Enquirer: 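So that we are looking at the same thing, I have put the structure below in structure tokens.
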Amino acid sequence: MFGRAFVDDPMLVWSMGGHGDRIARFTRAFAAALEHLLGLGLVWETGAAHGAALWFPPNHAESWDDHPWNDPRIAGLTDDGGRRYDEFWEWVESRTPHGNLWLLDSIAVEPELQGRGIGTALIEAGLARARADGVGAFLSTGTERNVCTYGRSGFRVVEDLDAPAGGPHIWFMRWDP
């Protein structure tokens, strides 16, 4: 499902390259990351598995030896051995606040079911956890229509920039309780 939902995502298309069968490559990239995340309870899905979200709790990175998105198999799925992928995601990471915030890493809904509230339910589930913890939340998106979707849930744009080297425009958004 993640590969289908992200097939046209500017952040993945730019960082991994638009070559070949993007659904297959993006599905394999998500599978590599999900191997690390499933056992940690960081993958939340709707009951019928039509949508899923990767929500990382505050200070999540401290528990990893290496970030799940740094799995070496992902570099092999890019068109340049992972160089642009690594540079782009390091740039995104440099603009992502750390500490006492929940991070919405990824959210996906089956393309034919988008617009039916599944994504909103996954967003609200994460925000409920953040609210219960008394902390904020953060995300980044390269898809302009997502800015309004996240805005309806209370996120606000704190920065929007073009990524270096001709990369996509990225909106960095924060939610506070």
Side-chain angles (χ1 to χ4, degrees), residues 1-46 48-56 60-61 63-96 102-116 118-123 126 138-150 160-173:
M1 175 201 35
F2 277 102
R4 290 186 299 278
F6 279 83
V7 69
D8 293 320
D9 178 77
M11 295 172 86
L12 277 185
V13 172
W14 167 254
S15 65
M16 294 187 69
H19 67 286
D21 182 345
R22 288 195 312 237
I23 292 175
R25 287 187 310 111
F26 294 179
T27 297
R28 289 173 51 204
F30 272 99
L34 289 171
E35 281 181 23
H36 302 279
L37 299 170
L38 282 168
L40 300 174
L42 302 177
V43 182
W44 305 352
E45 68 179 1
T46 59
H50 295 303
L54 308 179
W55 273 100
F56 299 161
H60 62 277
S63 64
W64 294 329
D65 292 332
D66 199 12
H67 195 287
W69 284 108
N70 292 339
D71 188 296
R73 292 173 289 178
I74 297 172
L77 300 170
T78 68
D79 61 0
D80 67 354
R83 181 193 53 77
R84 188 173 54 247
Y85 177 90
D86 289 341
E87 290 172 3
F88 174 76
W89 291 107
E90 285 173 17
W91 176 80
V92 169
E93 181 69 17
S94 75
R95 291 180 151 54
T96 301
W102 278 82
L103 175 68
L104 177 52
D105 178 87
S106 303
I107 188 166
V109 175
E110 288 287 0
E112 66 274 7
L113 298 175
Q114 292 176 3
R116 297 185 185 182
I118 296 168
T120 298
L122 290 163
I123 294 167
F138 191 83
L139 64 85
S140 57
T141 183
T143 304
E144 187 171 10
R145 76 177 194 281
N146 289 350
V147 174
C148 290
T149 300
Y150 295 127
D160 65 299
L161 301 164
D162 291 328
H169 191 82
I170 308 299
W171 290 265
F172 298 90
M173 302 183 74

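Fair warning: this is a prediction, and the values are worked out from it, not measured in the lab.
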Enquirer: For the atom pair CZ (Arg116) and NE2 (His50), what is the distance rounded to the nearest 0.5 Å?
Expert: 9.0 Å

Enquirer: Would you check if the side chain of Arg4 reaches a backbone N or O of Glu112 as a donor-acceptor pair within less than 3.5 Å?
Expert: no

Enquirer: What are the two closest heavy atoms between Ser140 and Val92, and how far apart are they?
Expert: OG-CG1, 3.7 Å

Enquirer: Using 0.5 Å steps for rounding, measure from the CG atom of Leu54 to the CG atom of Leu103.
Expert: 9.5 Å

Enquirer: In terms of ring plane angle, is the pair Phe138 and Phe172 parallel, tilted or perpendicular, where the classes change at 30° and 60°?
Expert: parallel

Enquirer: Is there a side-chain contact between Arg95 and Ile170 in this structure, where contact means two heavy atoms from C-beta onward sitting under 4.5 Å apart?
Expert: no

Enquirer: Can you give me the closest heavy-atom contact between Ser94 and Trp91, atom names plus distance?
Expert: OG-O, 2.6 Å

Enquirer: Within the structure provided, determine whether His169 and Glu144 are in side-chain contact (heavy-atom separation under 4.5 Å).
Expert: no

Enquirer: Find out whether Thr149 and Ile123 are in side-chain contact, i.e. whether some heavy atom of one side chain is under 4.5 Å from a heavy atom of the other.
Expert: yes

Enquirer: Side chains of Phe6 and Met11: closer than 4.5 Å at any heavy-atom pair?
Expert: no

Enquirer: Output the distance between atom OH (Tyr150) and atom CZ (Arg145), rounded to the nearest 0.5 Å.
Expert: 9.5 Å

Enquirer: So do the side chains of Asp9 and Phe2 get within less than 4.5 Å of each other, counting heavy atoms only?
Expert: no

Enquirer: Rounded to the nearest 0.5 Å, how far does CG of Leu12 lie from OG1 of Thr78?
Expert: 12.0 Å

Enquirer: Can you name the closest pair of heavy atoms from Met16 and Arg84 and give their distance?
Expert: C-NH2, 4.1 Å

Enquirer: Just so I know, are the side chains of Tyr85 and Asp80 near enough to count as touching, which here means a heavy-atom distance under 4.5 Å?
Expert: no

Enquirer: Evaluate Trp89 against Glu93 for side chain to side chain contact (heavy atoms under 4.5 Å, CB included), listing each step before the verdict.
Expert: CA-CA 6 Å; Trp89 291 107; Glu93 181 69 17; over 6 Å; no

Enquirer: Check Ala108 against Ala5 and note the closest heavy-atom contact, atom names and distance.
Expert: CB-CB, 3.6 Å

Enquirer: Considering only heavy atoms from C-beta outward, does the side chain of Trp69 approach that of Ser106 to under 4.5 Å?
Expert: yes

Enquirer: How many angstroms lie between atom CH2 of Trp171 and atom OG1 of Thr143, to the nearest 0.5 angstrom?
Expert: 7.5 Å

Enquirer: Under 4.5 Å between any side-chain heavy atoms of Phe26 and Leu77, yes or no?
Expert: no

